Chemist: 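Got a structure for you, questions after.
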Amino acid sequence: SGLERVNAVEAGLLMETAESLADFAEVFGALKAELDGVPAAVTRDLDLRCGIAGALNDALTRCADGFEAKAAAMRKEAA
């Protein structure tokens with residue numbers, strides 16, 4: 001029932017889908033921002049930096065695609 005849902009949310013057992021997705025996106029964005037500086041921290045070699053940055057960006061893109069697929073499923077389920 002609606003009351004059970006409200007009680008579960010208040011007890012910290014449930015979280016609204018939109019809030020959950022926004023929180024995850026915020027953390028994922030912060031991680032990406034932190035990782036953007038890794039290539040420069042690792043080497044001064046520009047070619048190596050580009051390779052590291054490319055590998056990191058590819059990995060983050062795969063993760064973002066997976067997140068978006070799961071988010072779409074959560075939105076559909078919540079509707």
Side-chain angles (χ1 to χ4, degrees):
S1 77
L3 182 56
E4 288 172 337
R5 181 179 173 88
V6 169
N7 288 338
V9 170
E10 288 177 359
L13 301 174
L14 293 178
M15 189 173 189
E16 293 295 326
T17 300
E19 181 183 355
S20 177
L21 295 175
D23 287 348
F24 184 82
E26 182 180 334
V27 171
F28 191 81
L31 175 63
K32 182 179 181 344
E34 289 293 325
L35 291 176
D36 282 345
V38 168
V42 171
T43 183
R44 288 198 256 175
D45 182 311
L46 295 181
D47 290 332
L48 185 54
R49 277 189 197 184
C50 285
I52 294 167
L56 286 172
N57 285 333
D58 290 347
L60 289 169
T61 297
R62 288 189 300 274
C63 290
D65 291 346
F67 167 70
E68 192 51 48
K70 289 202 180 283
M74 287 175 71
R75 287 186 200 100
K76 183 177 178 182
E77 190 176 299

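Quick caveat, the model's predicted, so the values are computed rather than measured.
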Chemist: Does anything in residues 69-79 pair up under salt bridge (charged side-chain N to carboxylate O under 4.0 Å, His left out), and if so which pairs, sequence neighbours excluded?
Modeler: Glu68-Arg75

Chemist: How many angstroms lie between atom CG of Leu56 and atom CG of Leu31, to the nearest 0.5 angstrom?
Modeler: 9.5 Å

Chemist: Among all residues two or more places apart in sequence or in another chain, which pass the side chain to side chain contact (heavy atoms under 4.5 Å, CB included) test with Lys32?
Modeler: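 Result, side chain to side chain contact (heavy atoms under 4.5 Å, CB included) vs Lys32: Asp36, Asn57, Leu60.
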
Chemist: Within a reach of under 6.0 Å around CD of Glu19, are more than 12 heavy atoms found that belong to other residues, nucleotides or ligands?
Modeler: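 Counting other residues, nucleotides and ligands, CD of Glu19 exceeds 12 neighbours.
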
Chemist: So, using side chain to side chain contact (heavy atoms under 4.5 Å, CB included) as the criterion, who are the partners of Glu10 when residues are at least two apart?
Modeler: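 By the side chain to side chain contact (heavy atoms under 4.5 Å, CB included) rule, Glu10 matches Val6, Asn7.
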
Chemist: Taking only residues two or more places apart in sequence or in another chain, which ones pass salt bridge (Lys or Arg N to Asp or Glu O under 4.0 Å) with Glu16?
Modeler: Arg5

Chemist: Does anything in residues 40-60 pair up under ring-ring contact (aromatic ring centres under 6.0 Å, His included), and if so which pairs, sequence neighbours excluded?
Modeler: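 Checked against ring-ring contact (aromatic ring centres under 6.0 Å, His included) - neighbours excluded - no pair reaches residues 40-60.
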
Chemist: Can you tell me which residue pairs pass the ring-ring contact (aromatic ring centres under 6.0 Å, His included) test with a partner in residues 49-79, sequence neighbours excluded?
Modeler: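 Applying ring-ring contact (aromatic ring centres under 6.0 Å, His included) to every pair that reaches into residues 49-79, excluding sequence neighbours, yields Phe24-Phe67.
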
Chemist: Would you give the length of the straight line joining atom OG1 of Thr43 to atom CG of Leu48, rounded to the nearest 0.5 angstrom?
Modeler: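 It is 4.5 Å, given to the nearest 0.5 Å.
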
Chemist: Test: salt bridge (charged side-chain N to carboxylate O under 4.0 Å, His left out). Region: residues 40-64. Which pairs qualify, not counting sequence neighbours?
Modeler: none

Chemist: I need the full list of ring-ring contact (aromatic ring centres under 6.0 Å, His included) pairs touching residues 35-64, with sequence neighbours left out, sorted by first then second residue.
Modeler: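 Pairs touching residues 35-64 that pass the test: none.
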
